[in-house]
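Just so we're on the same page: letters track the sequence lines, and every chain starts at 1. Everything numeric in this text was worked out from a predicted model, so none of it was measured.
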Amino acid sequence: MQRPNDVVADLLQEYADLMAITGGEAFKVRVYEMAARSVGGYAQDISGMNPAGLRRIPNVGTSIAAKIDEYLRTGAIHQLEELRGKVPAGVRRLTTIPSLGPKKAMTLYEECGIGSVEGLEAAIRAGRLHGLHGFGAKTEENLLHGIALLHKTGARVRLDVAMEVAEEIVDALSAVPGCERCAYAGSLRRMKDTIGDVDILATAADSAALMTVVQGLPAVAEVIAHGETKTSVRTDTGLQVDLRVVAPDSWGAALQYFTGSRAHNIRTREIAVHQKLKLSEYGLFDVASGDRIASVDEEEVYGRLGLPWIPPTLREDGGEIEAALHGELPILITDADIRGDLHTHTDLTDGLASLEEMVAAAADRGYAYYAITDHAPKLYMQRMADAKALAQRDQVRRLDGACGGMRLLHGTELNIGPDGEVDWPPEFLAGFDMCVASIHSHFSQPRPEMTRRLVLACENPCVNIIGHPTARLIGKREPVDADWAEVFAACARTGTALEINAFPDRLDLPADLVRLAQRAGVVFAIDTDAHAVPHLAHLRYGIGTAQRGWLTPDRVINSWPLSRLRKFLRKGRSA
DNA sequence: GCCGTTTTCGGCCCGACTGTTTTCAGTCG
């Protein structure tokens, strides 16, 4: 079940969408969109808040507070119900078709009674759109194409999938003569957990060569649009890639523009407007004189707006502008802060590489310490046994310090059973240097049971880290339903860290919960859950998620020196 | 509908590309 904040955020977003479709004023639509985001990201639970309290949420005034209050009291918002009565849900869904926005969706509904994606497809094929104002042959073709695409790729792609495509294209374009700089921007640079499309930015005096090269890349299946400054293509996997080419002296302004979320960019441009300046991808301009006053790099652009440089992973209008204005931006955790990986596997259970191979690869990454945490017996398919664990421990002790002085910790990944119990008895667990404990089954327990289960795991004196806490698999399995505030309180109280699992289909704990957990005083471990040598490099995605949760190094136990980490790992154990 | 170091009223981000309405609306990012 969602947090009440998320439920209300969805309702407000729906209200904004329906208002846009019914021709509501654009600035009102924007306010509802902003309010939706503010409510979703608000730290405090809104259920139980009165209208006066609700109005303290940014972008929530009298009118929206009244709507939220109505929802909290009655479970519905009558104005939203009215709009729903006017616009069937299928019409809203029409706007998810690429190239079909609110205006055209409403035209289709009003003129032809089309209220679903399937209905639109049938109408086009039956020629029922002929003569409809604004719908020529090319538009029909584009809509059919968009519908096919929606069916095929509908979902966004995983962060690592988009990253691979982006890095390949950046490499190819960087090699083109005349290309001065090239980098990926957009949600990929912000490290969102899924990516809708890839934004690539390049600088060159002449854009033509770059535009030609990107259209001819082997992975490109289709050219969607092409002009002098922008070309859009789609890869054979259905991922859209937008290339923008600007003059070299616009690099900073363009990178700033193409990195921020829409909301972040609106905020930065508003700050510019208030200073009689204008910010675009070409630079920061003085409105009166038309002079360009900043554009070369992002630091300069933010600086002239009176802001420090804001890390890309924070650029979501989630409070970073206010923090920047007050000089309160966090110093975020980075890859360089990480001293070791605390959740990894070997071929003793379901890993692909041997202990020696994993340890050597970890040492190559320059780690000071490294934990081996193979699965425990209750994940029956892995066939772990006491003797195997003990034999591995001997091996680990022999290898300890043998690779570049890297210290090894012998751990295990326990299963948190339905009642919160874990695999081994306390006396056996005490032999491990550390324990991760994770949910691997019974994902759909009701919230009270799931909460109790996680709290009990935290209270186990041998459990140091809760692994992939929500157990979500992006695009495949929903997160488990728990009272996270209660779980976070238990973590803080018992000295149990929450994992930020860096595996790209997990990214778990998710960034929004990381931020809430941090406020509750929780500490974290950013781990790869590597089952093979290449997985160790997934750490970057965990770091991205941690940064999106505003995490600082002092809250990350595997950025600590080994002595401090060992002290933390002792938890409630005697010794 | 919200908001305020210019404002309690009058504003509200900016530009590229497409298709079609031959001068611009719609969509997207």
Asks: Does A/E316 pair with A/K192 as a salt bridge, N-O distance under 4.0 Å?
Replies: no
Asks: Separation of A/R37 atom CZ from B/dC2 atom P, in whole Å?
Replies: 15 Å
Asks: For B/dA16, take OP1 and OP2 only and decide whether either is under 4.0 Å from a side-chain N or O of A/K230.
Replies: no
Asks: Expressed in whole Å, how much space separates the C1' atoms belonging to B/dT21 and B/dC14?
Replies: 24 Å
Asks: Check this for me: does any side-chain nitrogen of one of A/E81 and A/R84 sit under 4.0 Å from a carboxylate oxygen of the other?
Replies: yes
Asks: Looking across every strand, which nucleic acid part, if any, lies under 4.0 Å from A/E281 by heavy atom: base, sugar-phosphate, or nothing?
Replies: sugar-phosphate
Asks: Flag yes if more than 12 heavy atoms outside A/E167 fall under 6.0 Å of its CD atom; otherwise flag no.
Replies: yes
Asks: Phosphate oxygens OP1/OP2 of B/dA16: is one of them under 4.0 Å from a side-chain N or O of A/Y282?
Replies: yes
Asks: Given B/dG1, B/dC14, B/dG29, identify the nucleotide with an atom nearest to the side chain of A/Y32.
Replies: B/dG1
Asks: When rounded to the nearest Å, what value does the distance between C1' atoms of B/dC12 and B/dT8 take?
Replies: 16 Å
Asks: Looking at B/dG29, I'd like to know if its phosphate oxygens (OP1 or OP2) sit under 4.0 Å from a side-chain N or O belonging to A/T259.
Replies: no
Asks: Pick the closest DNA chain B nucleotide for A/E140 and for A/L277 by heavy atoms, then say which residue is nearer the 5' end.
Replies: A/L277
Asks: Protein within reach of the bases, or only the backbone? For nucleotides 22-27 of chain B, mark each nucleotide 5' to 3' as B, S or -, using heavy atoms under 4.0 Å.
Replies: ----SS
Asks: Using Watson-Crick or G-U wobble geometry with both distances below 3.5 Å, tell me the partner of B/dA16, or none.
Replies: B/dT27
Asks: Is the phosphate of B/dG19 approached by A/N142 (side-chain N or O, under 4.0 Å from OP1 or OP2)?
Replies: yes
Asks: Report the residues that fulfil salt bridge (Lys or Arg N to Asp or Glu O under 4.0 Å) with A/R304, sequence neighbours left out, ordered by chain and then residue number.
Replies: none
Asks: Heavy atoms within less than 4.0 Å of DNA chain B: which residues of residues 286-309 of chain A have one? Give them sorted by number.
Replies: none
Asks: Is it true that A/R37 and A/D317 have a side-chain N and a carboxylate O under 4.0 angstrom from each other?
Replies: yes
Asks: With the side chain of A/T139 defined as its heavy atoms from C-beta on, choose the nearest nucleotide among B/dT20, B/dA16, B/dG1.
Replies: B/dT20
Asks: Knowing that exactly one of A/D508, A/D193, A/D505 qualifies, which makes a salt bridge (charged side-chain N to carboxylate O under 4.0 Å, His left out) with A/R472?
Replies: A/D193
Asks: Closest to the A/K278 side chain: B/dC14, B/dC12, B/dA16?
Replies: B/dC14
Asks: Assign A/N265 to base, sugar-phosphate, or nothing according to its heavy-atom contacts below 4.0 angstrom with the strands shown.
Replies: nothing
